[in-house]
**Student:** 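Got a structure for you, written out below as structure tokens; questions coming shortly.
As the structure lists them, so they are numbered: ligands from 1, and atoms in each ligand from 1.
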Amino acid sequence: MLTEKMEKALNGQLNAELYSSYLYLSMNAYFKSVNLDGFANWMYYQAQEELEHSMKFYDFVIQRGGKVSLAQIEAPPTEWDGPLAIFEATLAHEQKVTGLINDLVEIALEEHDHATNIFLQWFVSEQVEEEESVGGVLEQLKLMGDAKGGLFMIDRELAKRSPSGGSEEGE
Ligand SMILES: [Fe+2]
Ligand SMILES: [Fe+2]
């Protein structure tokens with residue numbers, strides 16, 4: 001059984017994961033609109049992954065005998081200044097989510113809720129991967145500077161991302 005505080009916090013994270021999915025879907029739409037289909041593809045699978053995260057929270061709350069309360073999802077931005085600005089925003093967003101996951105772990109420890117703590121450990125590791133993969137693309141974009149050819153090279157690279165996860169080999 002979840003404590004009231006834990007249930008509320010998990011429902012909050014369910015909403016935050018849905019917002020992440022919404023944010024990346026909006027970024028997908030932006031990239032589609034400027035014909036960067038590889039970047040769009042990367043964001044499409046990123047949005048799918050966040051939806052999967054939200055469902056993990058959804059299923060876990062129910063499994064623990066809690067009640068899921070779906071709240072309003074904030075509208076994401078729809079315009080950005082380009083790929084660099086988007087990946088800067090994405091890294092900042094993932095760092096914020098890492099903070100939220102850490103806060104949840106703190107609550108689980110305070111509530112002596114070991115099952116939730118174990119459930120959350122997957123997300124602790126996932127956030128390390130998220131920050132690494134987003135940071136990797138951001139580094140490439142920074143290195144490229146104003147070279148147009150570089151942008152299309154990265155776009156081709158990001159087009160390779162498939163449903164299983166990141167665009168890097170071995171995932
Ligand atoms: Fe997530
Ligand atoms: Fe994420």
**Student:** Whether the Q121 and N117 side chains hold a donor-acceptor pair (N or O, under 3.5 Å, no angle test) is what I'd like checked.
**Tutor:** yes
**Student:** For the Fe ion (ligand 1), which N, O or S atom of E50 is at the shortest distance?
**Tutor:** OE1
**Student:** Is the distance between the ring centroids of Y24 and Y45 less than 6.0 Å?
**Tutor:** no
**Student:** For E17 and Q13, does a side-chain donor sit closer than 3.5 Å to a side-chain acceptor?
**Tutor:** yes
**Student:** Just checking: E17, one of its N/O/S atoms, less than 2.8 Å away from the Fe ion (ligand 2), yes or no?
**Tutor:** no
**Student:** If the cut-off is 2.8 Å, does any N/O/S atom of E126 fall short of it from the Fe ion (ligand 2)?
**Tutor:** no
**Student:** Do the ring centers of F57 and F123 come within less than 6.0 Å of each other?
**Tutor:** yes
**Student:** Can you tell me the angle formed at the Fe ion (ligand 2) by OE2 of E130 and OE1 of E94, to 10°?
**Tutor:** 100°
**Student:** Measure from the Fe ion (ligand 2) to each N, O or S atom of E49 and report whether any distance is below 2.8 Å.
**Tutor:** no
**Student:** Taking the six-membered ring for Trp and the full ring for Phe, Tyr or His, determine whether the centres of F60 and W122 are under 6.0 Å apart.
**Tutor:** no
**Student:** What N/O/S atom of H53 gets nearest to the Fe ion (ligand 1)?
**Tutor:** ND1
